[in-house]
J.: 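Quick one: structure below, then a few questions.
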Amino acid sequence: MGGVKTDWLKQLAAPHAPAPIGWWPVAPGWWVLGILVIVGFGIAVYWRTRPHARLRRAALRELTRLETQGDNRLLARSVESLLRRYAVARFGREPVAHLSGAAWIAFVAAHGGSGLAGASGASLLSMAFGGSGSADRARWLSGARGFVKGRA
């Protein structure tokens, strides 16, 4: 073995381990998982608030339809019924179902229906339940619209 060196192992590069794995940058799978969590949270918040918006839009459509009502008694009855159904659906049965008279009008006024506070609310209830009173259509409708929209 004339030309071959016998210490060929010493000519090889020194052995070394790969660099330790760091925690940053995160692997692509973790990026995808993080994005999915954020998107899922956004969808959950969107769907949680959506039923109220759908309910509000339906109530406003019905209120717009009621504006063309010619008979004041029928209008008062329809508006009061709409407000009651909306309040039960929006706020729940417990805080709303037992309210009547001045307490009901105070609840509506406190939750955005300030146009129905006082005499206009009393006349709405009176006409809705067969009594007599002044037909303040504009205040009834604006108070109902404010209550549905939730403006104080």
Side-chain angles (χ1 to χ4, degrees), residues 13-152:
H16 63 279
I21 297 174
W23 65 275
W24 195 261
V26 180
W30 287 108
W31 283 106
V32 171
L33 181 65
I35 290 170
L36 286 176
V37 166
I38 291 170
V39 168
F41 182 76
I43 288 172
V45 168
Y46 174 74
W47 284 107
R48 177 105 172 118
T49 58
R50 184 171 166 79
H52 295 303
R54 194 175 331 141
L55 177 67
R56 182 178 299 118
R57 283 192 304 269
L60 288 173
R61 270 194 309 270
E62 187 171 344
L63 193 59
T64 302
R65 185 185 59 79
L66 290 176
E67 287 177 351
T68 62
Q69 193 72 262
D71 183 21
N72 289 333
R73 288 190 191 284
L74 189 56
L75 174 68
R77 192 175 306 126
S78 300
V79 167
E80 201 281 329
S81 174
L82 172 65
L83 292 178
R84 180 71 66 168
R85 287 181 288 131
Y86 178 78
V88 167
R90 175 70 173 89
F91 299 104
R93 189 169 179 80
E94 283 298 315
V96 175
H98 70 281
L99 296 174
S100 64
W104 167 241
I105 294 299
F107 178 84
V108 171
H111 289 90
S114 58
L116 291 173
S120 64
S123 70
L124 173 72
L125 289 181
S126 175
M127 296 221 23
F129 294 108
S132 62
S134 64
D136 196 0
R137 295 174 63 93
R139 287 189 55 100
W140 294 349
L141 293 170
S142 70
R145 190 172 302 282
F147 177 67
V148 170
K149 288 183 176 180
R151 285 189 252 145

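No experiment lies behind these values; they were computed from the predicted model shown.
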J.: Would you give the length of the straight line joining atom CG of L116 to atom CH2 of W140, rounded to the nearest 0.5 angstrom?
T.: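 Result: 9.5 Å between the selected atoms.
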J.: Within the structure provided, determine whether L99 and V108 are in side-chain contact (heavy-atom separation under 4.5 Å).
T.: no
J.: Measure the shortest side-chain to side-chain distance between L60 and K149 over non-hydrogen atoms and say whether it is less than 4.5 angstrom.
T.: yes
J.: Evaluate the side-chain proximity of Y86 to E62: yes if any heavy-atom separation is below 4.5 Å, no if none is.
T.: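 They are not in side-chain contact.
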J.: Test M127 against S132 for side chain to side chain contact (heavy atoms under 4.5 Å, CB included), laying out the working first.
T.: CA-CA 6 Å; M127 296 221 23; S132 62; over 6 Å; no
J.: Over 60° means perpendicular and under 30° means parallel, so tell me whether H111 and F91 are parallel, tilted or perpendicular.
T.: tilted
J.: So Y46 and F41, do their side chains get closer than 4.5 Å, heavy atoms only?
T.: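 No, side chains not in contact.
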J.: Hey, could you give me the CG/CZ distance between L55 and R85, rounded to the nearest 0.5 Å?
T.: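 Rounded to the nearest 0.5 Å, the CG-CZ separation comes to 10.0 Å.
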J.: Strictly distance-based, threshold 3.5 Å: is any side-chain N or O of R77 a donor or acceptor partner for the main-chain N or O of L125?
T.: no
J.: Does atom CZ of R54 have more than 12 heavy-atom neighbours from other groups under 6.0 Å away?
T.: yes
J.: Decide yes or no for R145 and T64: does some side-chain heavy atom of the first lie under 4.5 Å from some side-chain heavy atom of the second?
T.: yes
J.: Determine the minimum heavy-atom distance between I105 and G121, stating which atoms define it.
T.: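 Closest approach of I105 to G121: CD1-O, 3.6 Å.
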J.: Rounded to the nearest 0.5 Å, how far apart are CZ of R90 and CZ of R56?
T.: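 It is 6.5 Å, given to the nearest 0.5 Å.
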J.: Rounded to the nearest 0.5 Å, what separates atom CZ in F129 from atom CG in L124?
T.: 8.5 Å
J.: Would you find a donor on one side and an acceptor on the other, under 3.5 Å apart, between the side chain of S78 and the backbone of L74?
T.: yes
J.: Considering all heavy atoms of both residues, which atom of A59 and which atom of L82 are nearest to each other, and what is their separation?
T.: O-CD2, 3.8 Å
J.: What heavy-atom pair brings R139 and S142 nearest, and what distance separates the two atoms?
T.: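 For R139 versus S142, the nearest heavy atoms are O-OG, 3.3 Å.
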J.: So how far is it from R137 CZ to S120 OG, rounded to the nearest 0.5 Å?
T.: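 Going from CZ on R137 over to OG on S120, the span is 14.0 Å.
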J.: To the nearest 0.5 Å, how far apart are CD in Q69 and CG in L141?
T.: 10.5 Å
J.: If every non-hydrogen atom of V96 is compared with every non-hydrogen atom of V88, which pair is closest and at what distance?
T.: CG1-CG2, 3.9 Å
